[in-house]
Amino acid sequence: MVDLNALNSSQRESVEHIEYPTLVLAGAGSGKTRVLTYKIAYLVSRGIKPWQILAVTFTNKAAREMASRVEHLLHIPVQNLWIGTFHGICVRILRREAENWGFRRDFTIYDEDDSISVIKKDLKSRGIPKEQLSPYRVKNIIRNAKNNFVSPDKLTEFAYGHDVKLISEVYKRYMERLHAAGAFDFDDLLVRPLEMFGKYPESLKKWKEKFSHILVDEYQDTNRTQYLLVKLLVGKSGNITVVGDDDQSIYSWRGADLKNILGFESDFKRVKTFRLEENYRSTGNILMAANSVVENNKGRMSKRLWTDRPDGDKVKLLECLSDQDEAERVVSTIEKESTKYGFKLRDFVVLYRTNAQSRSFEDVLRRKGIPYAIVGGVRFYERMEIKDILAYLRILTNPNDIVSFIRAITTPKRGIGPKTIEVIEKFAGEKKISLFDALNRADEIFSGEILSKVKEFNNILQSALKMRGEYGLDKIAQEIAEKADYAKYLKNEYPDNFEERVDNINELITAMGEFENMTDEDDLSTFLSEVSLVAGIDSWDDEYDALTLMTLHSAKGLEFPSVFITGVERGLFPHPRAFDNNLDIEEERRLFYVGITRAEERVHVSYALQRARHGSYSGGASMFVSELPCNVLDIETPEQLYAKIPVRKQSIRRAMEFEDYSQELPDSDEGGQYRVGSYIRHPVFGRGKITACSGSGDRIKLTILFGNKEKKILAKYGKLTHA
DNA sequence: ACCAGGCTTCTTTTT
DNA sequence: GAAGCCTGGT
């Protein structure tokens with residue numbers, strides 16, 4: 001029996017409520033993961049078989065952790081528990097059903113780049129210039145459609161604008177191309193099973209009966225397709241538990257729909273709702289800061305987190321001169337705090353809105369020799385060199401995978417280009433054979449030098465193919481890299497960092513070896529699909545003592561003693577694109593809320609007055625800074641803040657206004673202190689010559705030539721002196 | 001087929 | 001400021 005005494009009363013009640021739909025509205029830090037973990041264990045202890053339980057988490061890492069905690073609670077290993085992300089679960093279902101549903105079992109999963117290259121090709125063949133319709137935009141629309149379970153035919157009802165008809169055709173063709181390539185994109189992993197459940201009621205019945213209990217974490221971030229999938233699988237049993245927090249919904253751009261959680265009570269019959277409002281994570285001040293920020297949002301479910309914990313330290317506001325200055329001050333604050341409070345490096349996290357912000361921190365940390373780990377950013381398996389090798393492997397499992405085929409045959413460069421590929425494609429089409437098989441009959445199409453090049457490529461694939469089953473995946477990958485002379489190619493192509501790239505290849509080979517040892521499966525396709533679904537956070541080792549850097553999005557669900565929310569600036573956070581729409585501003589605010597509520601003991605909010613972005617500048621306190629209540633800031637009132645340094649007055653005041661100042665102003669500083677042609681000194685860039693000048697008063701904008709580089713700078717931010 | 005060099009554009013956020 | 005695109009030359 002599972003001991004539920006460690007739970008508070010509402011937690012326990014929501015765990016014990018197993019007969020009907022259960023909605024757990026759980027604020028940040030109120031123990032929602034705990035509820036899910038205990039509930040799974042409780043179900044098993046009540047005789048439910050692990051394989052009858054479907055538990056959906058937001059990341060693979062969360063799934064792994066939950067599984068191991070369940071085992072810990074039950075004191076026995078739990079086999080065959082269906083726990084994973086929506087995507088991971090759907091891949092498992094697809095593997096089992098693919099052939100019944102008319103797909104190949106060894107399908108490939110296309111990532112964003114792969115998908116876009118398919119769309120690009122299609123747009124090209126239609127002669128549509130990218131100015132008219134960018135592949136990226138098309139992909140966004142398709143993703144949006146898929147997130148809402150909208151088929152190409154229905155797209156015209158769903159979308160608006162003049163080229164919807166065209167886009168819907170491209171969407172349709174895109175689906176056909178993917179099908180021909182035996183590939184699914186990320187969204188298809190959900191859309192296809194949902195579609196097929198509609199088409200094959202008997203397979204739906206099978207899965208519906210299989211899962212007697214369904215649990216979904218982070219329900220506020222599910223999209224329509226996921227909702228429909230859940231609804232279908234739950235069926236009449238009604239044994240579903242969803243856990244979520246409307247204040248932490250931060251994925252609407254990925255189709256997440258708050259309606260799912262807001263409407264849960266009316267969607268299912270006899271729903272019992274539990275609220276978890278006691279926060280066990282954060283101090284009183286942190287919670288107060290978080291609450292006052294999120295209370296600026298409208299349309300929330302009524303909920304107010306409280307805590308028994310002491311008020312603790314106040315939220316520290318750090319105003320910095322530049323992004324470099326911010327990085328330095330954050331890092332030195334971390335050094336100070338770790339001595340003062342006895343925190344380890346892994347007790348801190350640096351959070352930011354965009355991945356690009358990690359750079360200035362990396363520079364400082366590397367210089368100081370402080371170990372750090374970046375979560376997210378360019379994912380390992382999205383690295384060019386990794387994708388190159390994987391492309392070869394993908395062809396082995398799926399000989400129709402056109403995207404990988406093109407990638408592999410052109411890398412390393414071996415004198416085969418679009419023309420030759422087109423001929424192979426056409427030949428394969430005519431003879432109704434796979435691209436891979438077409439290579440074997442290359443002598444029917446080519447002669448001379450091209451023939452020998454094609455044969456050379458084919459030899460690599462053939463020898464890898466022969467190794468399958470007899471040798472490990474790692475050996476096969478190694479064989480490919482050697483036969484293709486890939487290291488040499490890297491050396492030629494990337495002389496300055498080829499060593500790092502070679503290391504990555506070796507890491508890939510090691511990972512393949514480990515995969516085989518761990519799973520006793522020699523399944524290349526399983527490896528490949530698992531690899532496609534690895535999230536940045538999944539490979540993060542929270543045991544290792546290093547400073548962690550990540551985006552606010554990645555931080556969801558995590559907690560740290562000391563949190564730094566950086567770049568809380570105008571023009572950065574809230575992200576400028578969110579200003580189109582008040583709902584988006586509210587989502588940005590929730591993101592800020594998520595950031596604050598990650599903290600147990602200490603929160604620091606920092607912003608730079610001037611940040612180099614896209615070759616120009618932005619900066620100054622964000623509107624969110626002014627939403628932090630003065631009584632929990634370690635600067636009591638804005639007036640005191642004003643008194644300290646004059647420049648702060650401007651930035652704080654601006655932060656309180658709801659306006660975008662990034663626009664250019666027509667008037668100029670005639671007769672003022674900055675004259676075109678004169679020289680100034682900038683703290684970062686050194687001596688420079690003013691070449692142009694616009695704006696007035698606070699907003700004098702200068703164009704200055706430093707060496708041979710021109711920079712645009714707001715005069716008052718630049719701390720300029722005459723030189 | 002491939003490369004260099006100049007040009008534009010930018011995708012926040014991620015499974 | 002970097003990455004990707006196109007162009008024209010080899």
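Note on naming: letters A, B, ... go to the chains in the order of the sequence lines (proteins, then strands), and numbering restarts at 1 for each one. Everything numeric here is computed off the predicted structure, so don't read it as measured data.
Counting to the nearest Å, the C1' atom of B:dT14 and the CG atom of A:Leu190 are 13 Å from each other. Straight-line distance from the CD atom of A:Glu586 to the P atom of B:dT13: 22 Å, rounded to whole Å. One atom, CD of A:Glu449, and another, C1' of B:dC2, lie 14 Å apart when rounded to the nearest Å. Distance, A:Ile116 CD1 to B:dC10 C1': 13 Å, rounded to whole Å. Straight-line distance from the CZ atom of A:Phe86 to the C1' atom of B:dT15: 11 Å, rounded to whole Å. Following rounding to the nearest Å, A:Asn140 (CG) and B:dT12 (C1') show an atom-to-atom distance of 12 Å.
Considering only side-chain atoms of A:Phe186, the nucleotide from B:dT12, B:dA1, B:dT15 that sits closest is B:dT15. For A:His87, whose side chain is taken as the heavy atoms from C-beta onward, the closest listed nucleotide among B:dT11, B:dA1, B:dT15 is B:dT15. When each of B:dA1, B:dT14, B:dT15 is scored by its nearest atom to the side-chain atoms of A:Thr85, the top-ranked nucleotide is B:dT15. The side chain of A:Lys413 approaches B:dC2 more closely than any other nucleotide in the set B:dT15, B:dC2, B:dT13. Residue A:Arg353 has its side chain nearest to B:dT13 when only C:dC5, B:dT13, B:dT14 are considered. In this structure, the nucleotide among C:dA2, B:dA1, B:dT14 sitting nearest to the side chain of A:Arg359 is C:dA2.
One finds the CD atom of A:Glu195 at 8.5 Å from the CG atom of A:Asp188 (value rounded to the nearest 0.5 Å).
A:Asp113 places none of its side-chain heavy atoms less than 4.5 Å from the side chain of A:Arg407.
A stacking contact links A:Trp253 to B:dT13: the aromatic ring centre lies within less than 5.5 Å of the base's six-membered ring centre, and the planes differ by less than 30°.
A salt bridge does not link A:Arg359 to A:Glu362: none of the charged side-chain nitrogens sits closer than 4.0 Å to a carboxylate oxygen. Contact check on A:Arg143 versus A:Asp185 returns no salt bridge, with no Lys/Arg side-chain nitrogen under 4.0 Å from an Asp/Glu carboxylate oxygen.
Nearest-nucleotide positions on DNA chain B for A:Asp187 and A:Lys419 put A:Lys419 closer to the 5' end. The residue among A:Thr410 and A:Leu591 whose nearest nucleotide of DNA chain B is located toward the 5' end is A:Thr410.
Applying the 4.0 Å criterion to OP1 and OP2 of B:dT13, one finds that A:Asn355 has a side-chain N or O inside that range. Side-chain N/O atoms of A:Arg577 include none lying less than 4.0 angstrom from OP1 or OP2 on B:dT13. The side chain of A:Lys139 contributes no N or O atom lying less than 4.0 Å from OP1 or OP2 of B:dT11. Taking side-chain N and O atoms only, A:Asn147 has no distance below 4.0 Å to OP1 or OP2 of B:dT15. A sub-4.0 Å separation between OP1 or OP2 of B:dT12 and a side-chain N or O of A:Thr551 is absent. Taking only side-chain nitrogens and oxygens, A:Ser554 never comes nearer than 4.0 Å to OP1 or OP2 of B:dT13.
Remark: aromatic rings of A:Phe624 and A:Tyr593 are distant, center separation not under 6.0 Å. Annotation: A:Tyr251 is in aromatic contact with A:Phe58 [ring centroid separation under 6.0 Å].
Nucleotides C:dC5 and B:dT12 have their C1' atoms positioned 23 Å apart, rounded to a whole Å.
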